[in-house]
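Working notes for the structure below.
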Amino acid sequence: MSAQRFLFHGQMQCRRWLTHTSARHSLGEPNLLSQAGNQKKRIAKTDWSRPQHAEQKQGQGKNRGSNQTARRVPAQRDWSRPPAANMPSRQQQQQQQQQQQPSLAQSRSRTESNHERNKRRDEEVALFMKQQEAEMKKMKQKKTKVVEEKPMQDVYIPHVINVANLSRLLGIRLEQTIRTMEELEMGNVSHDRMLSADESSLIAMQLNMNPIVDERQALDLYPRPLPEDTSNLPDRPPVVTIMGHVDHGKTTLLDTLRKTSVASGEAGGITQHIGAFSVTLPSKKKITFLDTPGHAAFSSMRARGAQVTDIVVLVVAADDGVMPQTVEAIEHAQSAGVPIVVAINKCDKPGVDPTRVKQELARYNVHLEEIGGDVPAVEVSGLTGKNLDQLEETIATLSEILELKAERVNAAEGVVIESQVEKGRGNVATVLVRRGTLKPGGTVVAGQTWCKIRSMTDHQGRTVKEALPGTPVKVIGWKDVPMAGDEMLQAADEATAKTVVDNRRARHQREQQLQDLEVINEKRRHQRELLEQERMIEKEYKKEMYMFQQGMRDTPPESLGKRLSAIQASLQEEQQGGPKEAVLEFKAVVKGDVSGTVEAVVDSLAGLKNKQIQVKIVESGVGNITESDVQLAAACEGHVIGFNVKADKKIQAEASKRGVQVRSYSVIYKLLEEVKDQLSDMLPPILSTQVLGEASILQVFDITTKGRETRAVAGCRVTNGTIAKNGRVRILRDKETIWEGELDALRQAKKEITEAKKGLECGMSFEGFTKFKAGDMIQSIQTVETKQRL
């Protein structure tokens with residue numbers, strides 16, 4: 001019994017213990033059995049759904065204290081309670097973050113500024129080191145130059161060379177030449193740029209080389225400087241130029257002065273050459289006169305005469321007054337700074353008023369002595385010789401005031417007044433000696449030709465043994481015809497003269513080459529610009545096409561060919577200064593008796609032009625028309641124009657065989673008139689439309705023709721003029737032409753008529769046009785061609 005009771009109590013104790021253990025396990029306290037069975041287990045499961053009791057926590061604390069080797073576990077949080085006071089709220093956390101943000105930005109900016117400062121310091125240090133290295137290199141180079149003292153290399157440079165060939169000539173790489181050009185700031189540094197001798201020499205000097213072009217080509221002749229004291233020099237006769245308007249009596253006045261008759265032998269009664277002669281006064285003083293043409297075409301001759309003269313005699317006709325060439329002569333004299341003497345000619349004519357001429361001259365800053373000015377005026381008559389002695393004395397007095405003096409002992413200097421080719425004499429030039437003495441046998445140079453003087457003659461054909469300053473003479477023996485206005489200088493010998501002429505010709509060729517080089521470089525620059533623009537356009541096109549293929553563009557880009565053609569057209573317009581139409585050319589070969597007239601003819605022909613046509617001078621020269629002139633004109637499909645020269649029968653036969661027109665003239669205004677007519681014939685005619693009649697469409701009818709086809713017919717009434725069946729018509733609607741062509745039929749009722757006059761009602765049909773309406777206007781028109789005039 002006791003044993004059963006003991007067993008019963010034992011069972012009850014076990015149940016209580018098990019229940020208590022399960023309750024403790026459910027509250028998160030460690031199980032004693034589990035601790036006993038497995039002491040390695042350190043963290044037990046925790047039920048966070050219920051709060052823990054103090055006893056349980058104390059029990060846990062005891063267990064943790066007993067297990068010293070176990071890891072310390074963080075305190076468990078009860079999520080059912082509100083947060084503790086020391087825990088920061090969400091608003092406080094946000095405020096702390098906002099307070100921390102500016103401090104972060106400041107720290108970032110501070111680090112960036114430090115980084116930039118360090119970078120800048122590094123760059124400055126690197127630049128300073130580079131400068132130090134460059135200075136050290138310069139110092140080393142200077143030291144090596146001082147120690148070694150190497151001689152500079154002589155380099156013979158041509159007058160024109162491109163960059164690539166210059167690199168080969170200097171024996172250096174092309175990159176070094178380009179680098180040197182960049183240092184010299186020469187602009188275009190491409191390999192194909194053409195360089196002049198000066199530019200090539202500058203590059204060679206920069207590379208420590210001695211450029212040599214050619215010392216022989218530096219030889220030339222120059223006029224001597226004027227002496228400071230001219231009081232001890234002998235006097236020279238004054239050079240007086242007669243200037244004025246055409247047909248004002250200049251040549252007649254000179255004929256009376258020198259007791260000859262030149263004006264009667266001149267073609268057309270006008271002077272077309274510049275003449276030079278000397279006149280001896282009763283007082284044994286000499287005056288050299290230059291007669292210049294008065295025609296408008298000879299402006300260059302008048303300007304040349306004003307440049308070489310001492311005094312200008314302005315001839316004004318009392319019955320004609322101041323004319324355009326008179327004003328031009330005044331301007332030439334004033335620009336040259338030459339004093340003027342006014343000669344009022346034709347004062348013997350009845351009814352003339354010289355006072356009117358004097359008043360007109362005052363308007364052009366020519367103030368006469370009679371009204372308080374400084375310009376003397378003499379009323380003369382070229383026919384009767386009235387007051388010519390007074391004119392001579394006035395010129396002599398003015399020359400004494402000017403104190404005209406020149407040396408006679410040194411080499412001769414002068415000016416070529418006129419040049420020509422004379423039969424039996426060859427190349428002849430009229431020379432005005434200004435300084436020194438010119439003698440036969442001497443050697444002179446003028447322009448690009450030279451002369452071994454065979455003989456000299458005066459204006460009357462008499463042989464002259466020596467020409468003193470102020471004396472005009474004809475010099476015979478020129479190798480080529482010199483140009484009028486060239487300066488004549490005497491050389492020491494023939495070799496010097498030949499060298500000087502060769503140098504001048506070479507210099508002239510170099511100048512033309514430099515002009516061509518500028519054109520070539522400009523064209524190459526435009527080509528490079530075009531290539532660059534084409535590359536940019538191609539890149540842009542590829543970009544737009546890629547965007548279109550990817551769907552980033554709605555429309556396809558414009559074709560590449562159109563873009564390239566547009567840029568080429570725009571560049572061509574920029575080069576030509578806008579769109580330029582084709583210009584017709586009248587090509588001509590000009591030959592004349594003297595160089596001055598050839599120059600005048602060429603200048604006058606060059607002025608005959610407009611926007612549609614112009615004159616192109618293929619060749620010009622002095623002398624008779626030759627077979628080579630005809631061949632040249634045939635090659636270029638041009639004409640041969642001769643002035644005071646003729647072509648023999650053989651030349652004319654050759655010209656007719658080749659289809660070349662050869663024309664000779666003796667008066668310049670006839671030459672200009674005929675060339676104007678030929679230019680007018682080359683111009684296209686002006687087309688104009690003339691209205692012959694008008695009719696209005698009243699109604700449109702559909703008429704059945706053979707084959708059961710319908711045709712529209714316009715019922716019309718002629719309101720003005722006449723409409724012919726064979727004429728051309730046009731249909732207007734709202735004052736705009738909608739069709740133009742021929743009439744198919746013109747009928748009145750069923751009868752065919754040839755024309756319809758005003759007020760007649762008729763029917764019309766048109767070839768290939770049926771879209772006319774009632775109310776349209778029909779006009780009978782005619783195209784009229786009108787010849788253009790230059």
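These values consider heavy atoms only, across backbone and side chains, with no hydrogens, waters or symmetry-generated copies.
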Next item on the list: Applying salt bridge (charged side-chain N to carboxylate O under 4.0 Å, His left out), run through Glu413 and Arg434 and close with a yes or a no.
Entry: CA-CA 6 Å; Glu413 298 178 7; Arg434 308 187 73 175; over 6 Å; no
Check: Where do Lys285 and Glu392 land on the salt bridge (charged side-chain N to carboxylate O under 4.0 Å, His left out) test, with the steps shown first?
Finding: CA-CA 10 Å; Lys285 292 183 178 180; Glu392 293 176 350; over 6 Å; no
Margin query: Using side-chain contact (heavy atoms from CB on, under 4.5 Å), reason through Val428 and Val421 one step at a time and then give a plain yes or no.
Written below: CA-CA 6 Å; Val428 179; Val421 179; over 6 Å; no
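Side chain of Thr463 to main chain of Thr457: no donor-acceptor pair is present (N/O by atom type, distance under 3.5 Å, no hydrogens or angles). Distance alone, capped at 3.5 Å, places no donor-acceptor pair between the Arg236 side chain and the Leu468 backbone. Between the side chain of Glu199 and the main chain of Ser196, a donor-acceptor pair closer than 3.5 Å is present. Panel note: side chain Trp450, backbone Gly447; no donor-acceptor pair is recorded below 3.5 Å. Side chain of Lys452 to backbone of Gly441: a donor-acceptor contact under 3.5 angstrom is found. The backbone N or O of Gln390 sits nowhere less than 3.5 Å from a side-chain atom of Asn387 that would complete a donor-acceptor pair. Asn427 places a side-chain N or O within 3.5 Å of a backbone atom of Trp478 that can act as its donor or acceptor partner. Judged by distance alone, the side chain of Glu360 and the main-chain N or O of Val322 form a donor-acceptor pair under 3.5 Å. Looking at Thr471, its side chain never comes within 3.5 Å of a backbone N or O of Ala467 through a donor-acceptor pair. A donor-acceptor pair under 3.5 Å links the side-chain atoms of Gln652 to the main chain of Ala647, judged by distance alone.
If you take CZ on Arg408 and CD on Glu466, they are separated by 9.0 Å, rounding to the nearest 0.5 Å. Rounding to the nearest 0.5 Å places CG of Leu608 at 11.0 Å from CD of Glu673. Rounded to the nearest 0.5 Å, atoms CG (Leu432) and CG (Leu290) are 6.0 Å apart. Here the straight-line distance linking atom CG of Asp648 with atom CG of Asn624 works out to 8.0 Å at 0.5 Å rounding. Atom CG of Asn365 sits about 9.0 Å away from atom CD1 of Ile330, to the nearest 0.5 Å. Remark: Gln420 CD to Arg425 CZ distance equals 9.0 Å, nearest 0.5 Å.
The closest side-chain donor-acceptor pair between Tyr665 and Glu674 falls under 3.5 angstrom. One side chain, Asp493 or Thr496, offers a donor N or O that lies under 3.5 Å from an acceptor on the other. Side chains of Asp593 and Thr597: a donor-acceptor N/O pair is present below 3.5 angstrom, by distance only. At a cut-off of 3.5 Å, with distance as the only test, no side-chain donor of Asp502 or Thr499 sits close to an acceptor on the other residue.
Nearest heavy-atom pair, Ala655 versus Val662, reported as atom, atom and distance to 0.1 Å: CB-CG2, 3.5 Å. Between Lys646 and Ser664, the shortest heavy-atom distance links the atoms CA-OG, 3.9 Å. Looking at every heavy atom in both residues, Pro440 comes nearest to Ile453 through CA-CG2, 3.7 Å. Across every non-hydrogen atom of Val312 and Ala333, the tightest pair is CG2-CB, 4.0 Å. Annotation for Gly382 and Asn345: closest pair N-OD1, 3.0 Å, computed over non-hydrogen atoms. The two residues Ile157 and Ser200 come nearest to each other via the heavy atoms CG2-CB, 3.5 Å.
Residue Lys346 forms a side chain to side chain contact (heavy atoms under 4.5 Å, CB included) with just one option from Val315, Asp319, Val316, Asp320, and that option is Asp319. Looking at Glu422, His459, Glu418 one by one, the single match for side-chain hydrogen bond (donor to acceptor under 3.5 Å, both in side chains) with Lys474 turns out to be Glu422.
Contact check for Ile417 versus Val431: no side-chain heavy atoms found under the 4.5 Å cut-off. For the pair Phe643 and Val590, the minimum side-chain heavy-atom distance is 4.5 Å or more. Residues Ser399 and Asp235 have side chains not in contact (no heavy-atom distance under 4.5 Å, counting atoms from C-beta outward). Between Glu370 and Lys358, the closest side-chain pair of non-hydrogen atoms falls below 4.5 Å. Two residues are said to be in side-chain contact when any heavy atoms from C-beta on lie closer than 4.5 Å; Lys591 and Asp629 meet this criterion. Put simply, the side chain of Thr443 does not reach to within 4.5 Å of the side chain of Cys451, judged on heavy atoms. Contact annotation: the side chain of Ser419 approaches that of Ser595 to within less than 4.5 Å [non-hydrogen atoms, C-beta and beyond]. The closest side-chain heavy-atom distance from Thr449 to Val501 is not below 4.5 Å.
For Lys670, the NZ atom is loosely surrounded, since the number of other residues' heavy atoms within 6.0 Å does not exceed 12. Taking a 6.0 Å sphere around CD of Glu619, one finds it holds 12 or fewer heavy atoms contributed by other residues, nucleotides or ligands.
Among residues two or more places apart in sequence or in another chain, the side chain to side chain donor-acceptor pair (under 3.5 Å) test is passed with Ser381 by Asp348, Thr384.
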